[in-house]
Amino acid sequence: MANSSDPVGKIVAEPEPIELDWTKTALVIIDMQRDFMEPGGFGETLGNDVSRLARAVKPIGSVLSAARDTGMLVIHTREGHLPDLSDAPPAKVERGAPSLRIGDPGPMGRILIRGEAGHDIIPELYPLDSEIVIDKPGKGAFYATEMSDVLQKYGIENLLVCGVTTEVCVNTTVREANDRGYRCVVISDGCASYFPEFHEMGLKMIKAQGGIFGWVTSSAAVLEALETSKTLA
Ligand code: TIU
């Protein structure tokens with residue numbers, strides 16, 4: 001790690017504090033894409049108020065900045081499909097009655113299609129060239145992606161997870177990761193949902209029953225733990 005020579009940090013979390021070896025921890029930022037965050041994208045076509053997600057940007061930005069300072073592995077994910085929709089199941093494309101369907105032309109390009117403006121990550125959290133970007137066709141970051149290979153390659157055992165939306169892609173990814181043996185620590189204010197009650201319950205589901213899927217913390221607690229391990233060095 002660049003600045004932090006004590007590799008272990010203790011994070012205040014629920015249902016209990018957790019010690020993480022930063023060298024075995026990755027920051028995973030889920031789907032902070034224009035398609036979910038901005039008007040005219042996939043999220044809005046589903047009938048959602050996209051302004052509800054803006055609250056997660058600053059907390060994620062502060063953790064991302066600290067992670068970059070300490071040399072932590074950073075992984076960004078993007079939900080989206082190939083231009084020919086060959087990786088988009090009809091059951092997903094045909095679902096519901098959105099104003100525009102996946103693949104239809106919208107104000108930010110074709111909805112939820114790789115390479116289009118709407119599919120890209122918002123400028124505030126844009127990945128550095130050195131960071132990993134995982135393109136995923138589903139809600140979870142493990143299904144039909146190289147996620148497992150990447151985590152194994154870097155010796156990762158713990159995931160600090162944030163992004164959107166809490167109960168959809170964040171929860172799905174945490175459940176997939178938990179079953180694969182990763183400790184998931186979810187940053188509550190670094191997640192957001194179009195439905196405030198789903199955000200709250202999505203976090204409760206993770207930390208219930210002794211942390212059935214993982215731990216829940218805050219951006220402030222992550223920053224504090226990183227800072228403390230730096231000063232202990
Ligand atoms: N609709 C919704 O809440 N979410 C998604 O479709 N994808 C993600 O959560 N990224």
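Computed over heavy atoms, backbone and side chain alike; hydrogens, waters and symmetry mates excluded. The structure displayed is predicted, hence computed values, not measured ones. Remember, it's 1-based here, ligands and their atoms both numbered in the order they're listed.
Remark: the Ser229 side chain and the Trp22 side chain contain an N/O donor-acceptor pair separated by less than 3.5 Å. His119 and Asp35 share no side-chain donor-acceptor pair at under 3.5 Å.
What you find for Ser193 and Thr165 is that their closest heavy atoms are CA-CB, 4.2 Å.
At least one N or O atom of Val164, backbone or side chain, sits closer than 3.5 Å to an N or O atom of ligand 1. Backbone and side-chain nitrogen or oxygen atoms of Asn48 are examined, and none is located within less than 3.5 angstrom of a nitrogen or oxygen of ligand 1. The distance criterion of under 3.5 Å between nitrogen or oxygen atoms is met by Asp31 with respect to ligand 1.
Among all protein heavy atoms, the one lying closest to atom 3 (O) of ligand 1 is Thr165 OG1, 2.9 Å. Nearest non-hydrogen protein atom to atom 8 (C) of ligand 1 is Cys169 SG, 2.6 Å. Nearest protein neighbour of atom 5 (C) of ligand 1, counting heavy atoms only, is Phe36 CE2, 3.4 Å. The single protein non-hydrogen atom nearest to atom 1 (N) of ligand 1 is Leu46 CD1, 3.8 Å, given as residue, atom name and distance. Closest to atom 6 (O) of ligand 1 among all protein heavy atoms lies Lys139 NZ, 2.9 Å. Glu79 OE1, 2.9 Å is the protein heavy atom nearest to atom 7 (N) of ligand 1.
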Would you check, one step at a time, whether the test side-chain hydrogen bond (donor to acceptor under 3.5 Å, both in side chains) holds for Thr166 with His199? CA-CA 5 Å; Thr166 315; His199 171 77; 2.7 Å; yes
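Looking only at side-chain heavy atoms (C-beta outward), Phe42 and Ile102 come within less than 4.5 Å of each other. With a 4.5 Å cut-off on side-chain heavy atoms, Glu146 and Ile134 count as touching.
Contact atoms of ligand 1 toward Phe42: 6 (O) (distance under 4.0 Å to a heavy atom of the residue).
At a threshold of 4.0 Å, the pair Arg180-Glu176 does not count as salt-bridged, since none of the basic side-chain nitrogens sits closer than that to a carboxylate oxygen.
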